[in-house]
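Beneath this line is the structure, given in structure tokens, with notes to follow.
Just so you know, these numbers use all the heavy atoms, side chains as well, and skip hydrogens, waters and symmetry mates. Not measured: the values here are computed from a predicted model.
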Amino acid sequence: MRTTKLLVTAGLLGASALTALLGAGTAFAGSGDSGSSGDDKAPTEAGTSFRTAQEVKQGQQATAGASTGDYLYWSFPADAGQRPTVKATVKLPDSAARPSGAIWRIDVYDGLRRRQSCMYGMQSRATAPDATSVGLSCTLRTVRAWSEQWANDPLPGTYYVRLTAATLTPSDQGLPVSAEVEVTSKDVGGSSAVDGTLAAPLVPGSTTKEAAAASDDGSDEENGSSAGQALATGEPEDGWSSGWWSDRWVWTAAGGILAALAGIGGYALTRGTGRPSRVPPGM
């Protein structure tokens, strides 16, 4: 009876602790979602270079009017544990002035302006003669909290989207088109967690801010303020997590609890009931 009570108590305590950990993991995961608030307006134009890229938050739909042959740039933040998907739609003009045989393409670059490969998706597509729009998509690899210097792994920071017509005939140059771009992410969780973090996310202005912080000259206060704004530009609403939390914490704790329960149960089953009554005390 005592052994049964011990096992039941240990099981209840373990279940309570596991429920609390799972609840905490859900709360942390929810706080790390990168969504856009209803008050924020999506950009209605695009940049023409990396420096002038228009910032768009995840979940927003950015639009822009352009001409065939233009390079359109947007930027968005991506944090550790996210797997971003970029979707773009190019609406073509009427059939009388529609580009014939044009190939549209989207490319995604990280904060170091390294082009990132797509896991899957239609990254480039030729325009059909009767098409009124062209849809493109690119799903990146999961953003890692840390990586080797020689690797090309996606890291936390600002990402750039470039949309353009890669192939055009001279008669197709300068025709009006409209573009829509939307970025969403899937939180992969602890399956892609690594033991390490970046000192700072790869965002524009981080080097400038570090230089301003290292300077003791009071005249640099204005520069430091502008650098701080540049660093904060494109930051997720809940800040950079830097990969310190993942559901690995939950499953590690759950495994420890289950191992402890297994040890208690094994001990209770093998310890026996003590000295048999038929054996004299002296033996």
Side-chain angles (χ1 to χ4, degrees), residues 32-38 40-50 52-93 98-99 102-111 113-128 130-144 152-168 175-189 192 234-237:
D33 292 340
S34 297
S36 60
S37 60
D40 296 332
K41 295 182 179 180
T44 56
E45 59 182 9
T48 57
S49 66
F50 287 102
T52 60
Q54 289 292 316
E55 299 171 4
V56 57
K57 295 184 178 180
Q58 294 190 23
Q60 288 182 332
Q61 187 179 69
T63 58
S67 301
T68 53
D70 292 344
Y71 286 84
L72 307 180
Y73 287 82
W74 293 270
S75 66
F76 66 92
D79 208 351
Q82 294 182 343
R83 182 179 295 166
T85 296
V86 181
K87 295 182 179 180
T89 302
V90 181
K91 296 182 179 179
L92 306 174
R98 185 173 301 159
I103 298 178
W104 291 87
R105 179 182 179 88
I106 55 172
D107 294 290
V108 183
Y109 299 83
D110 64 5
R113 299 184 185 179
R114 304 175 300 181
R115 193 176 71 86
Q116 294 294 319
S117 59
C118 302
M119 291 181 58
Y120 49 84
M122 186 66 69
Q123 189 175 3
S124 63
R125 176 172 289 179
T127 306
D130 57 345
T132 59
S133 63
V134 179
L136 305 169
S137 66
C138 174
T139 299
L140 300 178
R141 295 171 294 167
T142 304
V143 179
R144 294 165 56 92
N152 194 35
D153 296 323
L155 297 170
T158 300
Y159 283 76
Y160 299 91
V161 180
R162 184 178 70 183
L163 173 64
T164 188
T167 302
L168 282 175
L175 297 179
V177 295
S178 61
E180 298 177 353
V181 171
E182 184 178 8
V183 181
T184 57
S185 285
K186 177 182 178 182
D187 290 328
V188 177
S192 62
E235 181 179 354
E237 292 182 354

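Note that the CE atom of Met119 and the OG1 atom of Thr139 stand 7.5 Å from one another [nearest 0.5 Å]. In this structure, Tyr71 OH and Thr52 OG1 are separated by 14.0 Å, a value rounded to the nearest 0.5 Å. Taking CG of Leu136 as the reference point, atom CE of Met122 lies at 8.5 Å (rounded to 0.5 Å). In this structure, OH on Tyr160 lies 5.5 Å from OG1 on Thr158, to the nearest 0.5 angstrom. Separating the CD atom in Glu182 from the OG1 atom in Thr63 is a distance of 12.0 Å, to the nearest 0.5 Å. One distance of note links CD of Gln123 with SG of Cys138; it measures 5.0 Å at 0.5 Å rounding.
By the 4.5 Å heavy-atom criterion applied to side chains, Gln82 and Lys186 are not counted as neighbours. Looking at Thr164 and Leu72, their side chains never come closer than 4.5 Å, going by heavy atoms from C-beta outward. Taking 4.5 Å as the limit, every side-chain heavy atom of Ser75 sits out of range of all side-chain heavy atoms of Phe50. The shortest distance between side-chain heavy atoms of Trp104 and Val177 falls below 4.5 Å. Residues Val188 and Arg141 have side chains not in contact (no heavy-atom distance under 4.5 Å, counting atoms from C-beta outward). Residues Val183 and Tyr159 are not in side-chain contact: their nearest non-hydrogen atoms beyond the backbone lie 4.5 Å or more apart.
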Is there a side-chain contact (heavy atoms from CB on, under 4.5 Å) between Leu92 and Val134? Walk through the geometry before answering. CA-CA 8 Å; Leu92 306 174; Val134 179; 4.1 Å; yes
Show your working on side-chain contact (heavy atoms from CB on, under 4.5 Å) between Leu163 and Tyr73 and close with a plain yes or no. CA-CA 7 Å; Leu163 173 64; Tyr73 287 82; over 6 Å; no
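Remark: the backbone N or O of Arg105 is not paired with any side-chain donor or acceptor of Arg162 at under 3.5 angstrom. Checked by atom type and distance alone, the side chain of Thr68 pairs as donor or acceptor with a backbone atom of Leu175 at under 3.5 Å.
Contact between Arg114 and Asp153 at its shortest, heavy atoms only, is NH2-O, 3.2 Å. Of all heavy-atom pairs spanning Pro77 and Val56, the tightest one is CD-O, 3.9 Å. Closest heavy-atom contact between Gln54 and Gly47: CG-N, 3.7 Å. Scanning both residues, Leu168 and Gly69, for their nearest heavy atoms gives CD1-N, 3.4 Å. Closest non-hydrogen pair, Pro84 versus Ser185, comes out as CA-OG, 3.5 Å. Nearest approach of Ala64 to Ala46, heavy atoms of both residues: CB-N, 3.7 Å.
A salt bridge links Lys91 with Glu180: the closest approach of a Lys/Arg side-chain nitrogen to an acidic carboxylate oxygen falls below 4.0 angstrom.
In summary, of the residues considered (Val161, Thr184, Val181), a side-chain contact (heavy atoms from CB on, under 4.5 Å) with Phe76 occurs for Val161 alone.
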